[in-house]
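Notes for the one structure printed next.
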Amino acid sequence: MNALAATNRNFKLAARLLGLDSKLEKSLLIPFREIKVECTIPKDDGTLASFVGFRVQHDNARGPMKGGIRYHPEVDPDEVNALAQLMTWKTAVANIPYGGAKGGIGCDPGELSISELERLTRVFTQKIHDLIGVHTDVPAPDMGTNPQTMAWILDEYSKFHGYSPAVVTGKPTDLGGSLGRDAATGRGVLFATEALLHEHGKSIAGQRFVIQGFGNVGSWAAQLISENGGKVVAASDITGAVKNSKGLDIPSLLKHVKENRGVKGFHGGDPIDPSSILVEDCDILIPAALGGVINRENANDIKAKFIIEAANHPTDPEADEILAKKGVVILPDIFANSGGVTVSYFEWVQVFMYISANPFLLQSNLITFKGFMWDEEKVNHELKTYMTKGFKDVKAMCKTHNCDLRMGAFTLGVNRVARATVLRGWEA
């Protein structure tokens, strides 16, 4: 079952639990807009290359649509549709005033130079600039993109619409980005894990973790878990995997990854087959890479007692059923990895507040934001408040509908969007 089919299935199960009217259910499921564009750029060697870009805007009942832009070879319409829908429910679960969107370009960023990536980003922005906007659709980084990508989008968009620092989030702090945004998804994973373990009378300290995916989210989660007394016994990325039953030295691993662009070759543990990382012995498994990695082929072999979904849609429905029978507790993606979009909201609000207080600076492009933006301690404190409240809200829906955490999160998100849709008179 691909990501879109699985996401639609979970939505329909939640709609059934909520007793939604069939017309409203259909209205909530259909995307607001789907965009597909061709992006042709000159490469550094003078040849032309064409790439296909997508932006799916799923729902805006609760506010401007929000979602990342990813650069990855496997980007396709179904994946982007699924991720856009998940963003709608995720922002509702986090209880921030956004809807859902997602975008991407089918490319391998590792095979493009910095100048080629900039040209590609600017062409993509030119194709969609009239469909995104501060009050319409606010992009953010995702897999294969970063704050620099957002800076290029901001600059290109501003050529058409005037300087608009709130049109993207996850941008560099010098352009109005928020402190703590880079670590936000990984830190949110930490706070979500703490909330779940507390429910079971446990804490991070002393737990054995396996982290599949050591990019931005996985590496930050590993660092923060280690700092809080957790033991990361195995980690992997696209280059390889490494294991140490006594616990990996995370600061050393982070240094190695930075210097060697991957975990492969790290001498602080034994190399293992990356395909076995999900079934390594541990207490808590954190999939933090691509979707669909936990499936019927490997679910029976998973030894973890808890799975924290730092990636989007890492577990397919068949695996869900197998793991439920084994008593494995899964903290779903639309709650577990919502830290990033939550801090994106903080960033968006901070920029708006600054512009409201200093409107003349917007016209002169002199915005520096210094002395106004929240310090990192405040950002992290507010994030923990949102994540802790979010977990309580999910648990309340679990109790109301006698369901697992995934359906608790889906019913929470879908119900909030449905209520906003009805209140605005948008129901079919």
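Keep in mind it's a predicted model, so treat the numbers as computed, not measured.
Between Thr125 and Phe160, every side-chain heavy-atom pair lies at or beyond the 4.5 Å cut-off. No side-chain heavy atom of Val232 sits less than 4.5 Å from a side-chain heavy atom of Leu253. In this structure the side chain of Val75 never reaches within 4.5 angstrom of the side chain of Ile105, judged on heavy atoms. In this structure, the side chains of Leu117 and Gln148 stay at 4.5 Å or more apart for every pair of heavy atoms. Using a 4.5 Å heavy-atom threshold, the side chains of Ile307 and Pro287 count as touching. With a 4.5 Å cut-off on side-chain heavy atoms, Glu116 and Leu120 do not count as touching. Residues Ile322 and Arg296 are in side-chain contact: their nearest non-hydrogen atoms beyond the backbone lie under 4.5 Å apart. Side-chain contact check for Leu20 versus Val414: some heavy-atom pair is nearer than 4.5 Å.
A distance of 15.0 Å separates OG1 of Thr342 from NZ of Lys384, quoted to the nearest 0.5 Å. How far OG of Ser236 is from CD1 of Ile277: 4.5 Å, rounded to the nearest 0.5 Å. Taking CD of Glu382 as the reference point, atom NZ of Lys378 lies at 4.5 Å (rounded to 0.5 Å). With values rounded to the nearest 0.5 angstrom, Tyr98 atom OH is found 15.0 Å from Asp59 atom CG. Between Arg70 atom CZ and Met143 atom CE the span is 4.5 Å, to the nearest 0.5 Å. In this structure, CD1 in Ile96 is found 8.0 Å from CZ in Phe346, a value given to the nearest 0.5 Å.
Under a 4.0 Å N-O distance rule, the pair Asp283/Lys305 qualifies as a salt bridge. For Arg416 and Asp393, the salt-bridge test passes: some basic side-chain N is under 4.0 Å from an acidic carboxylate O. Salt-bridge annotation for Lys90 and Asp333: absent, with no side-chain N of the basic residue lying under 4.0 Å from a carboxylate O of the acidic one. Glu118 and Arg122 are joined by a salt bridge, as a carboxylate oxygen and a charged side-chain nitrogen come within less than 4.0 angstrom of each other. Of the charged side-chain nitrogens involved, none lies within less than 4.0 Å of a carboxylate oxygen, so that Lys102 and Glu79 do not count as a salt-bridged pair. Salt-bridge check for Asp137 with Arg55: passed, with a basic side-chain N closer than 4.0 Å to an acidic carboxylate O.
Lys326 places a side-chain N or O within 3.5 Å of a backbone atom of Ile302 that can act as its donor or acceptor partner. A donor-acceptor contact shorter than 3.5 Å is absent between the side chain of Glu280 and the backbone of Val233. Judged by distance alone, the side chain of Lys243 and the main-chain N or O of Asp270 form no donor-acceptor pair under 3.5 Å. The main-chain N or O of Ala310 is found under 3.5 Å from a side-chain atom of Asn337 such that the two form a donor-acceptor pair.
Below 30°, between 30° and 60°, or above 60°: for Trp348 and His135 the angle between ring planes is above 60°, a perpendicular geometry. By the 30° and 60° cut-offs, the orientation of the rings of Trp89 relative to Phe11 is parallel.
Residues Ser338 and Tyr386 bring no donor and acceptor atom of their side chains to less than 3.5 Å of each other. With 3.5 Å as the limit, one finds a donor-acceptor pair spanning the side chains of Asn380 and Arg187. For Asn146 and Thr149, the side-chain atoms include at least one donor-acceptor pair closer than 3.5 Å. Remark: the Thr121 side chain and the Glu156 side chain contain no N/O donor-acceptor pair separated by less than 3.5 Å. Under the 3.5 Å distance criterion, with hydrogens and angles disregarded, no donor-acceptor pair is assigned to the side chains of Thr411 and His401.
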Can Phe306 and His200 be said to form a ring-ring contact (aromatic ring centres under 6.0 Å, His included), step by step? CA-CA 11 Å; Phe306 301 93; His200 290 264; 5.1 Å; yes
Run the side chain to side chain contact (heavy atoms under 4.5 Å, CB included) test on Thr315 and Arg406 for me, step by step, so that the C-alpha distance in whole Å, both residues' side-chain angles and the decisive distance to 0.1 Å come before the verdict. CA-CA 11 Å; Thr315 312; Arg406 189 178 307 284; 3.8 Å; yes
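Val263 and His256 get closest at one heavy-atom pair: O-NE2, 3.6 Å. Between Cys282 and Arg208 the shortest heavy-atom distance is CB-O, 3.5 Å. Here the closest non-hydrogen pair linking Asp316 and Asn295 is OD2-CB, 3.1 Å.
Remark: Ser344 engages Thr169, Arg181 in a side-chain hydrogen bond (donor to acceptor under 3.5 Å, both in side chains) (not counting sequence neighbours). Remark: Lys392 engages no residue in a salt bridge (charged side-chain N to carboxylate O under 4.0 Å, His left out) (not counting sequence neighbours). For Asp76, there are no side-chain hydrogen bond (donor to acceptor under 3.5 Å, both in side chains) partners, not counting sequence neighbours.
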